[in-house]
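Counting starts at 1 for both ligands and their atoms, in listed order.
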Amino acid sequence: MQYRSTRGPLDKNLNAPQAIIKGLADDGGLLVPTKFPSSSLPIENLPKMTYQQIVHLILTLFFNDFTPDQLQKSIEQAYGDQWDSQQITPISNSHSNNYYLELFHGPTLAFKDVALQILPYLMTSAVTIEQISNKIIILTATSGDTGTAAMRGFSNQPGTQVIVFYPHGGVSPVQLKQMLGQRGNNLTAIAIEGNFDDAQTEVKRIFNDTVFNQQLQQNGYQFSSANSMNIGRLIPQIAYYFSAYGQLVDKGKIKVGDDLNFAVPTGNFGDILAGYYAKKLGLPINKLICASDENNVLTDFFKTGEYNRQREFYLTNSPAMDILVSSNLERLLFDLADNNAELISKYMDQLVQEGHYQVNSIIKDQLDRQFAAGFATQDQVSQEIQRIYEADGYLIDPHTAVASFVTNQYQASHNDKTPTFIVSTASPYKFPETVYKAITGKPVSSSGLAAIQDLQNIIQQPFSNNVQALFNQSIRAEQIIQPTKMEETISKLLTSTY
Ligand SMILES: *Cc1c(COP(=O)(O)O)cnc(C)c1O
């Protein structure tokens, strides 16, 4: 399997290990298979398969430059007993025709773990295959979930070092505790005086700073990335769509071949794109429902075919979805445009230069057929958390609530009776302040761990092991720097480990 850029010509193909190490194409495009696998996965076998077996089938299709043994070992280590659930991504019932697909049973309590538990193993295997002797520096800007999950995944992985920058005061109390509590001899998290965009902009600049990169190279280092544009994160996520389907067949709720909808709380479009890839691999999906918060650029896009980033940016109670440029959408458009890199290049240039682009009618027709979209305001998120708690005695986090609200809205306005999975991307205990207020109507007087405890006092259910583990972490002191000092700080960090 070869990979190419969504923007570039066909002649610069990479194999999977190269694509995973590289992260992004040189021309700024995203790496995608030159030719999508034509085989369908055996749907009828899904109910009997373990999560690990499903991942193995999928990785074998896309990452066939790895040896079966490398894949097998990576999967065993990534999806072992650090998960609170044997199914890895268990499903939960509801009183209605809707189900929850719980992606938050990993060590950092959010869906990023599904990919970031396996990426480090794929990365170190890739380094072996490509015979790279440099140490790989994973450089990441985070608004919370990615940084924690990357540190946890890469902790003590030989030949790698993780450096995470996050906005000072811009992550939730639980996320801060998680980042400062990660243990490993190769992990650093540093706060910057600025917001997430400041961190992200500077990280991108450092990635492209030729002089700095040459200097690193001379000292035996090179950068790689663990963000959701990395194909090594996207492909493993396809597995939970198949697993969810198999679990529902196993419970007797659907028959093999029946259609399902998936409603996905969307930020950078990685999660929902994995669903689209699952559909291309033969999973019977009717609609993928793209759910956004008040940053509803995607809702407008699916409605009009125009992507317009020129709008106000809102910080909401679903912070992982506060985003105006959904990078992985580019991969969907590339596929819907029949791999027309020239067209995608044109759209992406327009987005940078004019702040918007309009897709052609062929692409728009495909979007209409395969997707639905909607958004929820912060008040609607709170009401939805409350409504589901009242109806089912089930707690959902704010991101999941966005998808749950949009699903209801969609089902009320369309005559679509397809059973629907609401993809649940974070544990409610990761956002205790919002969830507490939603179900009690009163703000919680505590924050962070104390708020988790206050929430549990109402719910009266035991913590999972991974929630309990939060209480046993000791944390380091926070280090805060100016964004202009990021490069210098990286230099110093690496020099001290030469
Ligand atoms: C990252 C994240 C999302 C958004 O996922 P994308 O793949 O970026 O669309 C949604 N919910 C939570 C809790 C997340 O951490």
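Between Asn268 and ligand 1, at least one N/O pair is under 3.5 Å apart. Among the atoms of His399, none of the N or O lies under 3.5 angstrom from an N or O of ligand 1.
In this structure, Ser228 does not count as a contact residue of ligand 1, since none of its heavy atoms falls inside 4.0 Å of the ligand.
Tyr307 and Tyr357 have parallel rings, their planes meeting at less than 30° on a 0 to 90° scale where 60° marks the start of perpendicular.
Contact annotation for Lys430 and ligand 1: no heavy atom of the residue comes within less than 4.0 Å of the ligand. Residue-level proximity to ligand 1 for Phe269 is carried by the backbone, the only part with a heavy atom below 4.0 angstrom. Contacts of Asp145 with ligand 1, taken as heavy-atom pairs under 4.0 Å, involve the side chain alone.
Scanning the protein heavy atoms around atom 1 (C) of ligand 1, the nearest turns out to be Lys112 NZ, 1.4 Å. The protein heavy-atom contact nearest to atom 11 (N) of ligand 1 is Thr425 OG1, 2.8 Å. Looking only at protein heavy atoms, the nearest one to atom 7 (O) of ligand 1 is Asp271 N, 2.9 Å.
Counting non-hydrogen atoms of neighbouring residues, nucleotides and ligands closer than 6.0 angstrom, the CG atom of Asn472 exceeds 12 such neighbours.
With ligand atoms numbered from 1 in the order given, ligand 1 contributes 2 (C), 12 (C), 14 (C), 15 (O) to contacts under 4.0 Å with heavy atoms of Ala320. Those atoms of ligand 1 with a heavy atom of Phe111 less than 4.0 angstrom away are 1 (C), 2 (C), 3 (C), 5 (O), 7 (O), 14 (C). Interface of Thr266 with ligand 1, defined as ligand atoms under 4.0 Å from a residue heavy atom, comprises 9 (O). Close approach of ligand 1 to Pro265 is summarised as follows: ligand atoms under 4.0 Å from at least one heavy atom of the residue are 4 (C), 10 (C). If you number the atoms of ligand 1 from 1 as listed, the ones under 4.0 Å from a heavy atom of Ala426 come out as 13 (C). Each of the atoms 6 (P), 7 (O), 9 (O) of ligand 1 lies under 4.0 Å from some heavy atom of Gly270.
Donor-acceptor pairing under 3.5 Å is recorded for the side chains of Asp397 and Thr400.
Using a cutoff of 4.0 Å between basic side-chain nitrogens and carboxylate oxygens, Glu390 and Arg387 are not scored as salt-bridged. For Arg331 and Asp335, the salt-bridge test fails: no basic side-chain N is under 4.0 Å from an acidic carboxylate O. Comment: Arg311 engages Asp300 in a salt bridge, judged by a side-chain N to carboxylate O separation of less than 4.0 angstrom.
Atoms NZ and CZ, from Lys287 and Phe371 in turn, are 10.0 Å apart once rounded to the nearest 0.5 Å.
With sequence neighbours excluded, no residue forms a salt bridge (charged side-chain N to carboxylate O under 4.0 Å, His left out) with Lys177.
Aromatic ring centroids of Phe431 and His399 lie under 6.0 Å apart.
Nearest-heavy-atom check against atom 4 (C) of ligand 1 across Ser292, Ala149, Gly267 picks out Gly267.
With Pro432 as the fixed residue, the side chain to side chain contact (heavy atoms under 4.5 Å, CB included) test singles out one of Val444, Leu449, Val174: Val174.
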